[in-house]
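Below is one structure, written out as C-alpha cells; comments come after it.
Because only heavy atoms are used, hydrogens play no part in the values below, and waters and symmetry mates are left out as well, while side chains stay in. A, B, ... follow the sequence lines: proteins, then strands. Residue 1 opens every chain.
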Protein chains: 2
Amino acid sequence: MTDSENDSIQPSAEIPELCQECTARHRGICGALRPDELTHLNKISKQKTFAEGLTLMADQQEAPFFANVLEGVVKLSKTLPDGRQQIVGLQFAPDFVGRPFQSESHLFVETASKVKLCTIPRKGFEQMLGDIPSLQERLFQQTLVELDESRQWLVALGRKTASERVAGFLHMIALHMPNNKESPSQGDKNTTSFDLPLTRSDMADFMGLTIETVSRQLSKLKKRNIVSISHNRRIVIHDMELLEKTSRE
Amino acid sequence: MTDSENDSIQPSAEIPELCQECTARHRGICGALRPDELTHLNKISKQKTFAEGLTLMADQQEAPFFANVLEGVVKLSKTLPDGRQQIVGLQFAPDFVGRPFQSESHLFVETASKVKLCTIPRKGFEQMLGDIPSLQERLFQQTLVELDESRQWLVALGRKTASERVAGFLHMIALHMPNNKESPSQGDKNTTSFDLPLTRSDMADFMGLTIETVSRQLSKLKKRNIVSISHNRRIVIHDMELLEKTSRE
DNA sequence: CGTAGTTTTGAGTTTTGTCAATAACCGTGG
DNA sequence: CCACGGTTATTGACAAAACTCAAAACTACG
C-alpha cells in the first residue's frame, strides 16, 4: 500500500517505511542489504497474513514465493505413504522460508499458528541472490544454523526419552515466543509464560511421539510444579532452569 | 610430494596432476573452481590418510582444517553429558567436511573407516571462500543437500520402526559404497555387495537404536533372504527393491 | 446449556531396551 | 596351519518405555 512512497525521491538512501520496524530488518536476511537494495526488495515483496492450518507450499509443488516470517510459527513437515508425519523444522520470526536453487520443495510448509509473512516472488528474489553476494552469504549462514538445529533435534529423536523431548521442546518454544510476563518480578529469568503455537498433535509430530505420550509428559511436568497449563495452550513455566535440566537428562 | 611441479610453468591454465583423477574434482567443491584457482587450492591443500577410529575435530575445539573426503567414511556425532551418542551425519567422497564462518565445531568429527582426505588449512580456505563467489555458492548448495538429508533422517528417527531404519540404512550405504559386484549378471541393479564401513555400534548410534536391536533386525533381513552377511562386515544385498520397500513401510 | 472438538487419563499390548550368556571373527604367535 | 585371547556380534529372557484403543474431562462457541 505505502510501498511506493519513496520511489522517485531518494531511491538509494532511505530505508522503506514498512521495513523500519520489521523483525527481519536486523536479524533477518534484510540485514544483509544496503538501503537501495532494501528499497528494491521492499518494492517486490508484500506482507500477507495467513490463518492457522494453511498449506503454503506442498510437497513436489513449485513454490511460488520465498518469505520472511514476521509473526507466528511456520512448520516444515514430511509425510510417509501410510500417513505418518514428522515435523522437521519450525520457523519463527525473523526466519526465512523457502529453498533457493530448487524450484520444488520436498516438504510441506504450513502455518502452525496465525502467521504474518513478508513474501517475495521467486524470480525477483533469485535475481537479487545472484546480484548481491552479501545476501547469499547471509542466507548461507542461516542455512548453517538450520542445519545445526536439525542435527540438534536429531539427537533428541534418536537418543532422548519422551520426558526429555517434551521439556526440551517447551524450553525451545519459550525462547522463541514473545514473552508475556505477568509476574511482578520482571527480571526473573527463571519464570516465563506464553501461548503454545502448536496443537498437541503438532507437538507429537515434532517430537516423534503420540499425542497421548505428550499429554502424559505435560501432566508430569505439572505435578512436579515446573509448569502450569490452562486452556490447553496457555503455559506458565515456573522454573526454566529445572525445565532445561529435565531436557538434558 | 608432487604438489609443486606445475608451479612456475603455467600457474593459471593447467589442472594440477593430483586433481586430475580426484573424486572431488567434478562432483565436489573443486568443480566450482577455474584451473588457476584449483592450482592455488592444490598448492595449499594436502592429501592425508587416517586410520579408522580417529578424532579429526573435537566438540568445542577450534577445527584446524577443512577437507574433502576422497575415500572412506567420516562420521559427525554429538554426545550427551551421560554418554549417550548420536551420529548426526555421515560423509562420503566427495563430501566437504568443516563448517565455514565459525571456528569451533559443535560436533565430533571422526573417521568411521580408513579415510583419505584432501585437507585445506582454515585460513587459506576462508580467504578463497571470500574471493570466489562460485565456491561459496557450491558450498551453500552442498549445505542445502546436507540439510535435506538431515531432515530425511529426522523422519526415520521420529517415525520409522527399527526394521525400517535398518533397511533404509543399508539401502543408503549401498548407494554410497564402491560396489564390488561379483555376480555374473553385471547389469543387475537388484543385487549389490559391499563392505560395511561402520561397526554395529556406529550403526546403532546412527539409527538411534541399540546394537542388539540392530543385530536382531539384520538377522530378520537374513531370514527373509533379502541380504547375506559374512565376516560381520561383508554385505550382499539380494533384493535392493525389497530392501527399499522394507525401508518405506 | 449443549455440542463438537480437543485433551487427558486408564488399561492392556507391542516394541525396543537391558543384562547376560554364547558365538563368530581377527590377529598373533607357536 | 592351528590354537589362543581379545574383541565384536548374536541370541535369549526379562523389563521398561511408548503405543493403541477406549472412555472421561475439558474447552470453545453458538
Side-chain angles (χ1 to χ4, degrees), chain A residues 51-53 80 82-86 112-114 156-170 195-224 227-235 246-247 249, chain B residues 51-53 80 82-86 112-114 156-170 173 195-224 227-236 246-247 249:
Chain A
E52 171 182 338
L80 295 175
D82 66 358
R84 281 174 290 177
Q85 205 171 35
Q86 177 67 43
S113 64
K114 189 181 163 204
L157 295 190
R159 290 302 182 200
K160 290 196 177 180
T161 63
S163 159
E164 293 166 330
R165 289 184 215 177
V166 172
F169 172 79
L170 287 182
D195 285 311
L196 268 181
L198 271 64
T199 64
R200 296 293 186 275
S201 177
D202 281 341
M203 289 171 64
D205 283 347
F206 185 61
M207 295 190 269
L209 301 168
T210 59
I211 56 175
E212 292 95 333
T213 299
V214 171
S215 181
R216 280 185 244 272
Q217 294 302 333
L218 289 174
S219 298
K220 278 189 194 170
L221 289 173
K222 284 191 279 186
K223 282 211 191 73
R224 292 175 62 196
V227 306
S228 301
I229 304 179
S230 51
H231 307 88
N232 291 341
R233 297 290 195 108
R234 182 84 201 147
I235 305 284
T246 304
S247 80
E249 69 185 59
Chain B
E52 171 181 338
L80 294 175
D82 65 358
R84 282 175 289 177
Q85 205 172 35
Q86 177 67 43
S113 65
K114 188 181 164 203
L157 294 191
R159 291 302 184 201
K160 290 196 175 179
T161 64
S163 160
E164 292 167 331
R165 291 184 213 176
V166 172
F169 171 79
L170 287 182
I173 295 289
D195 285 312
L196 268 181
L198 271 63
T199 64
R200 296 293 186 275
S201 177
D202 280 342
M203 289 171 65
D205 283 346
F206 186 61
M207 295 190 269
L209 301 168
T210 58
I211 56 177
E212 291 94 335
T213 301
V214 171
S215 183
R216 280 184 244 273
Q217 294 303 333
L218 289 175
S219 297
K220 277 189 194 170
L221 289 173
K222 284 191 279 187
K223 282 213 191 72
R224 292 175 62 197
V227 306
S228 300
I229 305 180
S230 52
H231 308 88
N232 292 343
R233 299 290 197 108
R234 183 86 200 142
I235 305 285
V236 180
T246 304
S247 79
E249 68 187 56

Mind checking side-chain contact (heavy atoms from CB on, under 4.5 Å) for A:Ser215 and listing every partner two or more places apart, or none if nothing turns up?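 If we apply the side-chain contact (heavy atoms from CB on, under 4.5 Å) test to A:Ser215, skipping adjacent residues, there are no hits.
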Measuring from atom CG of A:Leu221 to atom OG of A:Ser228, what distance do you get when rounded to the nearest 0.5 angstrom?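 It is 11.0 Å, given to the nearest 0.5 Å.
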Drop me the distance from B:Phe169's CZ to B:Leu196's CG, to the nearest 0.5 angstrom.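 Reported value, rounded in 0.5 Å steps: 6.0 Å.
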Between the protein and nucleotides 10-16 of chain C, are there any N/O to N/O pairs under 3.5 Å, and if so, what are the atom names and distances?
{"residue": "C:dG10", "atom": "N7", "partner": "A:Arg216", "partner atom": "NH1", "Å": "2.9"}
{"residue": "C:dG10", "atom": "O6", "partner": "A:Arg216", "partner atom": "NH2", "Å": "3.2"}
{"residue": "C:dT16", "atom": "OP1", "partner": "B:Ala162", "partner atom": "N", "Å": "2.8"}

So which atom in [X] and which in [Y] form the shortest heavy-atom distance, rounded to 0.1 Å?
X	Y	answer
B:Pro197	B:Ser113	O-CB, 3.9 Å
B:Gln85	B:Asp205	OE1-OD2, 3.0 Å
B:Arg84	B:Asp82	NE-OD2, 3.0 Å

List the atom pairs, with distances to 0.1 Å, where a side-chain N or O of residues 206-214 of chain A and a protein N or O form a donor-acceptor pair under 3.5 Å, not counting sequence neighbours.
{"residue": "A:Thr210", "atom": "OG1", "partner": "A:Thr213", "partner atom": "N", "Å": "3.2"}
{"residue": "A:Thr210", "atom": "OG1", "partner": "A:Thr213", "partner atom": "OG1", "Å": "3.0"}

Using the rule given for side chain to side chain contact (heavy atoms under 4.5 Å, CB included), can you reason through A:Lys160 versus B:Leu80, listing the C-alpha separation, both sets of side-chain angles and the distance that settles it, and then say yes or no? CA-CA 9 Å; A:Lys160 290 196 177 180; B:Leu80 294 175; 3.8 Å; yes
Worked check of side chain to side chain contact (heavy atoms under 4.5 Å, CB included) between B:Leu218 and B:Arg200: CA-CA 10 Å; B:Leu218 289 175; B:Arg200 296 293 186 275; 3.4 Å; yes
Show the distances under 3.5 angstrom between N or O atoms of the protein and N or O atoms of nucleotides 24-26 of chain C.
{"residue": "C:dC25", "atom": "OP1", "partner": "B:His231", "partner atom": "N", "Å": "3.4"}

Using rotation axes that map the C1' atoms of four end pairs onto the next four (five pairs an end), what angle separates the end axes of the helix from C:dC1-D:dG30 to C:dG30-D:dC1, to 10°?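 It comes to 30° between the two terminal axes.
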Please report, rounded to the nearest Å, how far the P atom of C:dA21 is from the CD1 atom of B:Ile211.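 Atom CD1 in B:Ile211 sits about 16 Å away from atom P in C:dA21.
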Checking B:Thr246 against B:Gln217 for the side chain to side chain contact (heavy atoms under 4.5 Å, CB included) test, could you report, in this order, the C-alpha distance in whole Å, the side-chain angles of both residues, the deciding distance, and whether it holds? CA-CA 11 Å; B:Thr246 304; B:Gln217 294 303 333; over 6 Å; no
Do side-chain atoms of A:Arg159 reach the backbone of B:Gln86 as a donor and acceptor pair under 3.5 angstrom?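 Here the side-chain-to-backbone pair does not exist.
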Got a donor-acceptor contact below 3.5 angstrom from the B:Arg165 side chain to the B:Ala156 backbone?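 Confirmed, B:Arg165 side chain pairs with B:Ala156 backbone.
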Students should find this one: the first and last nucleotides of DNA chain D, 5' to 3', lying under 4.0 Å from a heavy atom of chain A. What are they?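 Extent of the interface on DNA chain D: D:dA18 to D:dA28.
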Looking at every strand, decide which applies to B:Ser219 at a 4.0 Å heavy-atom threshold: base, sugar-phosphate, or nothing.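 B:Ser219: backbone/sugar contact only, no base atoms under 4.0 Å.
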Side-chain contact test, heavy atoms from C-beta onward, threshold under 4.5 Å: evaluate it for A:Val166 versus A:Arg216 and give yes or no.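 The answer is no, as the side chains (C-beta and beyond) never meet within the 4.5 Å cut-off.
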